[in-house]
Structures are given as C-alpha cells and as structure tokens.
2 protein chains.
Amino acid sequence: MNAITLRKRPSQQRSAATMAAVLEAAAQVLEAGGLSAFNTNAVAARAGVSIGSLYQYFPGKDAVMAALIRLEAARFEAELATALEATASLPLPQAVERLVALAVASQTARPNLARILDLEERRLGLEIEVTQRSQTTVGQLTQFLAGRGVRDPQIAAGDLQNLVRGMIDGALHAEPNDLTRRIVRAAMGYLRG
Amino acid sequence: MNAITLRKRPSQQRSAATMAAVLEAAAQVLEAGGLSAFNTNAVAARAGVSIGSLYQYFPGKDAVMAALIRLEAARFEAELATALEATASLPLPQAVERLVALAVASQTARPNLARILDLEERRLGLEIEVTQRSQTTVGQLTQFLAGRGVRDPQIAAGDLQNLVRGMIDGALHAEPNDLTRRIVRAAMGYLRG
DNA sequence: CCATTATGTGAGCAATTACTCTCGTTGGAT
DNA sequence: ATCCAACGAGAGTAATTGCTCACATAATGG
C-alpha cells in the first residue's frame, strides 16, 4: 500500500535555515531588480539552493512572497512594540517623533522593498492574518493613541500609518533632509485637529 | 533605392483613435487584473485591435505604460490647473479642501490604477519629462504655495502630494468616510507647522 | 555493512510572453 | 479598371517562467 506516501514535509531545523536564506534572497532580488526580476529561479540561485529545494519549502512563488511579507511585518511590529514601551512616559510630540524616526529608519534600509511588498500584500489579499489586534502595526498604534485620549483611535492609527508611509516613500527619492521633522509636523497637525 | 522604406510612421488621424483605444484598454486591464495581467496581447484584444496594430503605434510594452502614465498625469494636471484658478481668491483652508477633494475624486475613480502607475513611473525613470515646471503637479502646487507665503514651497508641495496620495491609497480600502476632512486636517497641520 | 528514509538536485516540460513578418484589405489617385 | 501606398491582421518564433520528476546524496537504524 502506502500508495500515496505523504509527500513533502521537510520541517524541523534544517528547513529554518534554508527558508531564511530563500526569504533573504527574495528580499535582495526584489530590492535590486523589482517585481519583474522576482522569479523562482533567480531567488533559488541567489539563496544558494536548487529550485527543487525551494519548492520543498514553499508551495509556490506567491507563498514565498507571502512569507516575506509576514516576516517583514513581524520585524517592524517587534521594533514598534519596544519603541512604544520606551516612549510610554514621554509627552505626545516626543513620542510621535520617536515613532516616526523608527518608521523612517525602517524604510530607508531597503527603499524599494516596502513599496513592492505593500502592493503585493493587496494583490494576495492577506491583510488580516497574524492579526491578533495587539500584534498588528495599526493595532499597536490604536492602543497607543487610545491611551493618549485621541478620538477614533482606530481610524487615526490607519491614517497616520498611511500618511507616514506616503511621505517617506515619496521623499526618499527627492528630499530626505529633515524628513522626520516634516512628517512629525503633519502627524501632529492631524492629531491636534 | 529606398532600400529601407522608412518603416513605421502611421501618424495622422486614425492613429489618434487607435492609440486612445489602446491606452484606455491598458488602463482597464491594469485596473481589473493588476500588473501581472498587463500584457500586450490582452491590451490589444481589449482595445479591439490586433497586436500588429498595437506595435505599429507603440515601439514596445513599456512605451504603452509610459504613454498611459503621461496621459493620466496630463489629465490630473489639467484638472488641477482649473481647480487652482477657481480657488485663487479663497482663504487657504477652503482652497486646500477643494484641492484635496479633487485628489480624492481622481483616485476613487480607479483605485488600483494610480498605485500601479506610480510604481511603474519609478521603474521606467521618467519622472522629469513633460516637466515644464508649470505643468507638473508639484510645479503647480509649488507656485500656489509660494503665492500663499508658505516657506520652502517646493519641498512642501512634494510633501503634501505624498501625504495626500498615501492617505488616499490606504484609506480607500479601509475607511473612506470623511476622508477629505481627515486629509485636510493633516495637510493644514503640516502647513501651519 | 546494508536498507530505508529524508533531503537535495537540476534538466526539462508546458505555458506564457513580447514581438516579428508575411500577407490581405482598403481607399484614393491616375 | 489598375495600381500603390498605407494600414491592419494574426499565425508564428524565440525567450522566459513556474514548476515537476526522476535521480543523486546524506542521514538514520539495525
């Protein structure tokens, strides 16, 4: 019997290293060549594994994208969580400045990557996923704003995220000087109403 | 003689209609299926012309994209120009509200298109093109802001454009209610410093 | 040692794509 | 009527891509 021998399933330790290598390679390919350069052969080659191996760990191309999106989101959310702790006792303007500086630093590291991941996230429709509200970026921000007495904190959190993202995306290629200050001005203006 | 018979060159009247059909088809394909659905066969089919014809009017796929980007940019810049005239005598907050409302309306019509065109514009690197400063979106905005006594009007124009674009992009899929009001709040906050 | 399983490999296939080239059609001038 | 240049059509081609599969190698257990 055992007609169907329960395919796939590498699991465990080795897989973690290979998967990480693949995801890092995917990030590099996207950053260097954009969406059009993102193909499984290129990713596998840059990761130093064969395409066969890549397909042992990921069911398909989109799964690699999705995993990368989740990884980057988790990274940023972890940074955000510690930053929020550190600013818990600061007055609002200083707290906002710290958070904005964090976002700027995060986007500056790989200017093109975040933009592409954002587009792809929409295409794949995996917006709500890890979404324990407390772990999402907007979720954390919502709680922060609510704690500061901001009205409609959920909407405000979304708006601020979009505002910051938009200003960073655009300005990185044009006028990065003093960017944090400029963003803080807009964000505080929004919050003061 | 005339060994090479001076290839291509359809020009004149008919071309305008065909080119317009191709560009409108390209916009529809992008809006409906995203970047991955954007291929020359699909565009030609939707436009109701053969691929042969498409390639008579456009030297390649990217040229179609570029033409579409320029067309949409020109459309928006024309709308912006008339809106700026109409708001010339209004106080700043009302003027800003009108302009923001225009941007919101423009993006709402085809929510996905602008985002994609923006990404592609960067990939093709055709930022400065039509760029008679007075015809660009930022150029027009810069003059407007300068006339209102805003400091660093060029930087402010860029920032505002990015801020508005970011907030619209993000909010269209989440909380479109009262969007204009919220954006105006951020924009005016930025301008008041 | 061998047998059995887990893991990795990469040539190759099927599908898709951008683009070309040959040929048919049209419409106006002679 | 005949010709000719402009225009359109769409089958075909070469290249690329996502992905499979038959096989090599490494780990594990007896």
Side-chain angles (χ1 to χ4, degrees), chain A residues 1-26 28-30 32-68 116 120 123-124, chain B residues 1-26 28-30 32-68 116 120 123-124:
Chain A
M1 288 311 129
N2 80 2
I4 299 166
T5 46
L6 207 11
R7 299 302 201 78
K8 317 261 168 145
R9 198 75 66 81
S11 54
Q12 262 71 12
Q13 319 298 86
R14 177 125 290 161
S15 69
T18 305
M19 287 177 62
V22 168
L23 293 180
E24 175 56 26
Q28 288 179 22
V29 168
L30 282 171
L35 250 186
S36 65
F38 180 72
N39 58 267
T40 53
N41 294 326
V43 170
R46 171 154 275 194
V49 304
S50 66
I51 343 124
S53 293
L54 187 152
Y55 276 93
Q56 240 170 11
Y57 295 107
F58 298 93
K61 189 195 186 188
D62 282 349
V64 177
M65 267 277 14
L68 180 59
I116 296 174
E120 287 292 283
R123 183 177 66 85
L124 299 173
Chain B
M1 295 319 110
N2 76 4
I4 299 166
T5 45
L6 208 11
R7 301 298 202 82
K8 317 261 167 146
R9 199 75 68 81
S11 55
Q12 260 73 10
Q13 317 299 84
R14 176 124 294 159
S15 71
T18 304
M19 286 178 63
V22 168
L23 293 181
E24 174 55 27
Q28 287 178 22
V29 167
L30 282 172
L35 249 186
S36 64
F38 180 72
N39 56 267
T40 51
N41 295 325
V43 170
R46 173 154 274 194
V49 305
S50 67
I51 344 126
S53 294
L54 186 151
Y55 277 93
Q56 242 172 9
Y57 295 108
F58 298 94
K61 189 195 186 189
D62 282 348
V64 177
M65 268 276 15
L68 180 59
I116 297 174
E120 287 292 283
R123 183 177 66 84
L124 299 173

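As a basis for the values below, the full set of heavy atoms in this structure was taken, side chains included, without hydrogen atoms, waters or symmetry mates.
The CD-P distance, from B/Gln56 to C/dT22, rounds to 15 Å in whole Å. Whole-Å rounding puts the A/Leu54 CG to D/dC19 C1' distance at 10 Å. One interatomic measurement links the two molecules: NZ of B/Lys61 to P of C/dT16, which rounds to 15 Å at whole-angstrom precision. One interatomic measurement links the two molecules: OH of B/Tyr57 to C1' of D/dA9, which rounds to 12 Å at whole-angstrom precision. Across the protein-nucleic acid pair, B/Met19 atom CE and D/dC7 atom P stand 13 Å apart, rounded to whole Å.
Residues A/Tyr57 and A/Leu23 are not in side-chain contact: their nearest non-hydrogen atoms beyond the backbone lie 4.5 Å or more apart.
In secondary-structure terms, DNA chain D builds stems of at least 3 consecutive Watson-Crick or G-U pairs, each pair having both distances under 3.5 Å, at C:1-30 with D:1-30.
Legend: residues meeting side chain to side chain donor-acceptor pair (under 3.5 Å) with B/Thr40, ordered by chain and number and at least two apart, are absent.
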Polar atoms only, N or O, under 3.5 Å: list the protein pairs with nucleotides 12-14 of chain D and their distances.
none

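In this structure, of D/dT17, D/dC7, D/dA9, it is D/dT17 that holds the atom nearest to the side chain of A/Asn39. Closest to the A/Tyr55 side chain, of the nucleotides D/dG18, D/dG8, C/dG8, is D/dG18.
With B/Val43 as reference, B/Val22 is the one residue of B/Val22, B/Ile51, B/Leu68 to meet the side-chain contact (heavy atoms from CB on, under 4.5 Å) rule.
Closest approach of B/Phe38 and B/Val29 over heavy atoms only: CA-CG1, 3.8 Å. Between A/Ala37 and A/Ala42, the closest heavy-atom pair is O-CB, 3.9 Å. The minimum heavy-atom distance linking A/Ala21 with A/Ala47 is given by the pair O-CB, 3.6 Å.
If you take CG on A/Asp62 and CZ on A/Arg123, they are separated by 4.5 Å, rounding to the nearest 0.5 Å. Taking OG of A/Ser36 as the start and CD of B/Glu120 as the end, the distance is 8.0 Å to the nearest 0.5 Å. Interatomic distance, B/Lys61 NZ to B/Met65 CE, rounded to the nearest 0.5 Å: 9.5 Å.
Residue B/Thr40 has a polar side-chain atom (N or O) positioned under 4.0 Å from OP1 or OP2 of C/dA18. Between B/Ser50 and the phosphate of D/dA9, there is a side-chain N or O to OP1/OP2 separation shorter than 4.0 Å.
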